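No experiment lies behind these values; they were computed from the predicted model shown.
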Amino acid sequence: MQVLVVADADAVARRACFEVIEGLTGGAHRANGPASEDLVLGLATGSSPLGLYRELALAQDAGRIDFSAAHGFALDEYVGLPAGHPQSYREVLLREVCGPLRLAPERLHVPDGSHTDEESLIVAAAAYERAITQAGGVDVQILGIGVNGHLGFNEPGSSLASRTRVKRLTARTRSDNARFFDSLDDVPTHCVTQGLGTVLDARRLVLVATGSTKAEAVSAALEGPLTASCPGSVLQWHPDAVAVLDEAAAVGLRNRPYYDDSAAGL
Ligand code: F6R
């Protein structure tokens with residue numbers, strides 16, 4: 001696991017962009033260089049990755065990467081929002097990723113949370129797992145972390161081996177996300193989320209976290225025990241995980257001098 005601490009949110013976006021592009025283009029499985037139709041990017045929503053998406057768009061404009069024929073797979077989706085709801089993660093990703101990155105909308109994959117009965121949601125979750133496999137697996141999964149340590153919408157207590165499935169959102173997550181809705185009552189109670197086992201299958205994980213509200217979750221995830229009580233701790237189990245943090249999010253890290261030495265190549 002690499003822990004990179006940089007000055008502020010803008011620097012996090014730039015460094016995370018570098019790490020994502022390196023993961024997409026530099027892996028041994030792409031020894032002959034990337035063909036854009038082969039790229040599979042795992043997409044997080046929420047505030048944390050927005051600067052990263054802007055940087056990736058700039059990188060594409062500069063000719064460093066081409067997302068026009070890539071596949072994008074969302075981490076999660078709310079259950080029960082009507083199609084086209086502006087806060088459904090499909091709509092958010094169409095706005096924040098497909099437009100700026102020129103990623104073809106038909107190559108954006110989002111778990112289907114539109115069903116109202118449990119059985120159909122289970123079938124849709126299994127179909128989502130198959131779609132990831134058929135695309136060749138996720139090359140780079142972009143991640144944010146919840147203040148309670150959740151990854152995707154895998155809330156504390158989620159199985160470390162879980163696959164895409166329906167989860168109930170915690171009261172904390174619903175109140176944190178109420179800022180995107182008219183009222184707390186409008187925030188869905190359930191979601192369909194990639195499981196922690198699904199996330200771990202991605203070839204590289206790039207976590208972005210900024211601000212002091214994330215400091216506790218970041219320390220627990222990166223330096224605490226590997227535990228379902230902190231889903232973000234699965235980063236420790238992945239062979240190629242990179243955490244890009246600003247100073248405020250990194251404030252609780254005990255091993256900071258070591259991370260800085262490693263980042264400096266010492
Ligand atoms: C988003 C997601 C969540 C968020 C997390 C942080 O698809 O699955 O895990 O990454 O809730 O959200 P922000 O970035 O808004 O603080």
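Not counting sequence neighbours, the partners of His115 by the side chain to side chain donor-acceptor pair (under 3.5 Å) test are Asp112. By the ring pair (Phe, Tyr, Trp, His ring centres under 6.0 Å) test, His109 is found to be paired with His71, Phe73, residues two or more places apart in sequence or in another chain being considered. For Tyr259, there are no ring pair (Phe, Tyr, Trp, His ring centres under 6.0 Å) partners, not counting sequence neighbours. Asp10 pairs by the side chain to side chain donor-acceptor pair (under 3.5 Å) definition with nothing, not counting sequence neighbours. Remark: Ser120 pairs with Asp117 by the side chain to side chain donor-acceptor pair (under 3.5 Å) rule, at least two apart or across chains.
The neighbour count for Gln2 CD, taken as heavy atoms of other residues, nucleotides or ligands under 6.0 Å away, is above 12.
If you chain together hydrophobic residues whose side chains sit under 4.5 Å apart, Ile142 and Leu103 fall into the same group. Residues Leu169 and Phe180 share a single hydrophobic cluster, defined by chaining ILVMFWY side chains whose heavy atoms lie under 4.5 Å apart. Cluster annotation: Tyr89 is not connected to Ile132 through the hydrophobic network of ILVMFWY side chains, with a link wherever side-chain heavy atoms come within less than 4.5 Å. Both Leu222 and Leu160 sit in one connected hydrophobic cluster of ILVMFWY residues. Membership requires side-chain heavy atoms under 4.5 Å apart, directly or through other members.
Between the side chains of Asn154 and Arg165, at least one donor N or O lies within less than 3.5 Å of an accepting N or O.
With hydrogens and angles ignored, the 3.5 Å screen pairs no side-chain donor or acceptor of Thr164 with any backbone N or O of Tyr128. A donor-acceptor pair under 3.5 Å is formed between the side chain of Arg174 and the backbone N or O of Leu184. Arg95 places a side-chain N or O within 3.5 Å of a backbone atom of Pro86 that can act as its donor or acceptor partner.
Annotation: Phe181 is in aromatic contact with Tyr78 [ring centroid separation under 6.0 Å].
Salt-bridge annotation for Glu22 and Arg204: present, with a side-chain N of the basic residue lying under 4.0 Å from a carboxylate O of the acidic one.
Side-chain contact between Val242 and Leu4 is present, with heavy atoms from C-beta onward closer than 4.5 Å.
Of the residues Gln141, Arg163, Gln194, the one that meets the side-chain hydrogen bond (donor to acceptor under 3.5 Å, both in side chains) test with Asp201 is Arg163.
Nearest heavy atoms, Leu196 versus Ser162: N-OG, 2.9 Å. For the residue pair Leu94 and Pro105, the shortest heavy atom distance occurs at CD2-CB, 3.8 Å.
Among pairs with a residue in residues 182-217, none fulfils ring-ring contact (aromatic ring centres under 6.0 Å, His included), at least two apart in sequence or across chains.
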- [ ] Evaluate salt bridge (Lys or Arg N to Asp or Glu O under 4.0 Å) for Glu19 paired with Arg15, printing each intermediate quantity in order.
- [x] CA-CA 6 Å; Glu19 297 298 331; Arg15 183 59 197 246; 2.8 Å; yes
